[in-house]
Participant: 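Encoded as structure tokens, here's the structure I'll be asking about.
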Amino acid sequence: HALLNLVAQMWETKQLQYIEIAKLTSREHEVLYSKSSKQLHVDADKLLVKEESKVPDQAASTELQVLEALKRRGVAFAFIDALPWEVHERYLQSLFNHLRTEAPDGYVKTTLQQLLRADRQVFLAMIRKDVNVRRRPDDTLEMDTEIMDALQSYEVGFHLMPLPKAKVAEAK
């Protein structure tokens, strides 16, 4: 529920935000590892005891873990009706295709870290364009087209380019 709360807050404030990969926690992780604490709050003339729950970050270091985390983000955006599930799946497929593409001679394949930087850049591009997470008056979703446009931009493509192989010093 922590991830759903994060995206619901975006919907309430009408502000798109990038959610770090570690914050894209699964419900299972949340149930197993969340810690709750009770705190006293003074509200006008009442004394309230509120229970706050903190969910620790969830590590995502393999391709499968990253893919599952990003799919959870897609479910959350579909939940608040900001981005259709099919569009997010197409976005992920386009993004992850870069990991499967062979690099030219003298270059290394695109890494998972590059993919995550590109994903961040996609969201930064949409944030700069002030993309709305709510439906427009004409019943269309702005993120629907903007996420794929951002993925195809130069700034994002730069992060997905294969890097040159490190030069190995020749033995004398």
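As the structure is a prediction and not an experimental result, all values here were calculated from the model.
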Participant: Which heavy-atom pair separates Ser153 from Ala150 by the least distance, and what is that distance?
Facilitator: OG-O, 2.7 Å
Participant: Kindly determine whether Leu95 and Leu160 satisfy side chain to side chain contact (heavy atoms under 4.5 Å, CB included), including the steps that lead there.
Facilitator: CA-CA 9 Å; Leu95 193 61; Leu160 294 168; 4.3 Å; yes
Participant: Just checking Asp138: does its CG atom have more than 12 heavy atoms from other residues, nucleotides or ligands closer to it than 6.0 angstrom?
Facilitator: yes
Participant: Taking all heavy atoms of Val131 and all of Leu16, pick out the closest pair and write down the distance.
Facilitator: O-CB, 3.9 Å
Participant: Grab the two heavy atoms, one from Leu151 and one from Val156, that are nearest each other, plus how far apart they are.
Facilitator: O-CG1, 3.6 Å
Participant: Verify the neighbour count for atom NZ of Lys109: are there more than 12 heavy atoms of other residues, nucleotides or ligands below 6.0 Å?
Facilitator: yes
Participant: Please tell me whether Ile80 and Val87 are part of a single hydrophobic cluster in this structure, the criterion being side-chain heavy atoms less than 4.5 Å apart.
Facilitator: yes
Participant: Any sub-3.5 Å donor-acceptor pair from Gln114's side-chain atoms to Met161's backbone N or O?
Facilitator: yes
Participant: Does any part of the side chain of Asp81, heavy atoms only, come nearer than 4.5 Å to the side chain of Trp11, both counted from C-beta?
Facilitator: no
Participant: Checking Asp119 side chain against Leu115 main chain: does a donor-acceptor pair fall under 3.5 Å?
Facilitator: no
Participant: Examine distances only and state if a side-chain atom of Gln65 and a backbone atom of Thr62 form a donor-acceptor pair shorter than 3.5 Å.
Facilitator: yes
Participant: What is the minimum heavy-atom distance between Trp85 and Ala78, and which atoms define it?
Facilitator: N-CB, 4.2 Å
Participant: Check whether any side-chain heavy atom of Arg73 sits under 4.5 Å from a side-chain heavy atom of Tyr18, and report yes or no.
Facilitator: yes
Participant: Could you tell me the separation between the CD1 atom of Ile147 and the CD atom of Glu142, rounded to the nearest 0.5 Å?
Facilitator: 12.5 Å
Participant: Has the side chain of Gln15 got a donor or acceptor atom that lies under 3.5 Å from a matching backbone atom of Met10?
Facilitator: no
Participant: Is there a side-chain contact between Leu70 and Tyr91 (heavy atoms, below 4.5 Å)?
Facilitator: no
Participant: Flag the pair Leu141 / Phe77 as yes when at least one side-chain heavy-atom distance between them is below 4.5 Å, and no otherwise.
Facilitator: no
Participant: Using 0.5 Å steps for rounding, measure from the CG atom of Leu116 to the NE2 atom of His159.
Facilitator: 11.5 Å
Participant: Determine, using the 4.5 Å side-chain heavy-atom cutoff (strictly less than), whether Leu112 and Ile19 are members of one ILVMFWY cluster.
Facilitator: yes
Participant: Counting neighbours of CZ on Phe123 that are heavy atoms of other residues, nucleotides or ligands and sit closer than 6.0 Å, is the number greater than 12?
Facilitator: yes
Participant: Taking all heavy atoms of Leu24 and all of Ala69, pick out the closest pair and write down the distance.
Facilitator: CD1-O, 3.5 Å
Participant: Give, for atom CE of Met126 and atom CE of Met143, the distance between the pair rounded to the nearest 0.5 Å.
Facilitator: 4.0 Å
Participant: Counting distance only, does the side-chain N/O of Arg136 pair as donor-acceptor with the main-chain N or O of Thr140 below 3.5 Å?
Facilitator: no
Participant: With rounding to the nearest 0.5 Å, note down the distance linking OG1 in Thr111 to CD in Glu63.
Facilitator: 10.0 Å
Participant: Linking I/L/V/M/F/W/Y whenever their side-chain heavy atoms sit closer than 4.5 Å, directly or via other members, would Ile127 and Leu6 fall into one cluster?
Facilitator: yes
Participant: Any non-hydrogen side-chain atom of Glu20 less than 4.5 Å from a side-chain atom of Lys23?
Facilitator: yes
Participant: Is there side-chain contact between Pro84 and Asp144, with at least one heavy-atom pair below 4.5 Å?
Facilitator: yes
Participant: Measuring only between side-chain heavy atoms, which start at C-beta, is Thr110 closer than 4.5 Å to Thr101?
Facilitator: no
Participant: Honestly curious: do Phe158 and Val122 fall in one hydrophobic cluster under the side-chain, below-4.5 Å linking rule?
Facilitator: no
Participant: Are Leu163 and Tyr107 packed together at the side-chain level, in the sense that at least one heavy-atom pair is separated by less than 4.5 angstrom?
Facilitator: no
Participant: Are Met148 and Leu124 connected in a single hydrophobic cluster, I mean Ile/Leu/Val/Met/Phe/Trp/Tyr linked by side-chain heavy atoms less than 4.5 Å apart?
Facilitator: no
Participant: Hey, what do you get for CG (Asp130) to NZ (Lys14), rounding to the nearest 0.5 Å?
Facilitator: 11.0 Å
Participant: What are the two closest heavy atoms between Leu92 and Lys71, and how far apart are they?
Facilitator: CD1-CG, 3.7 Å
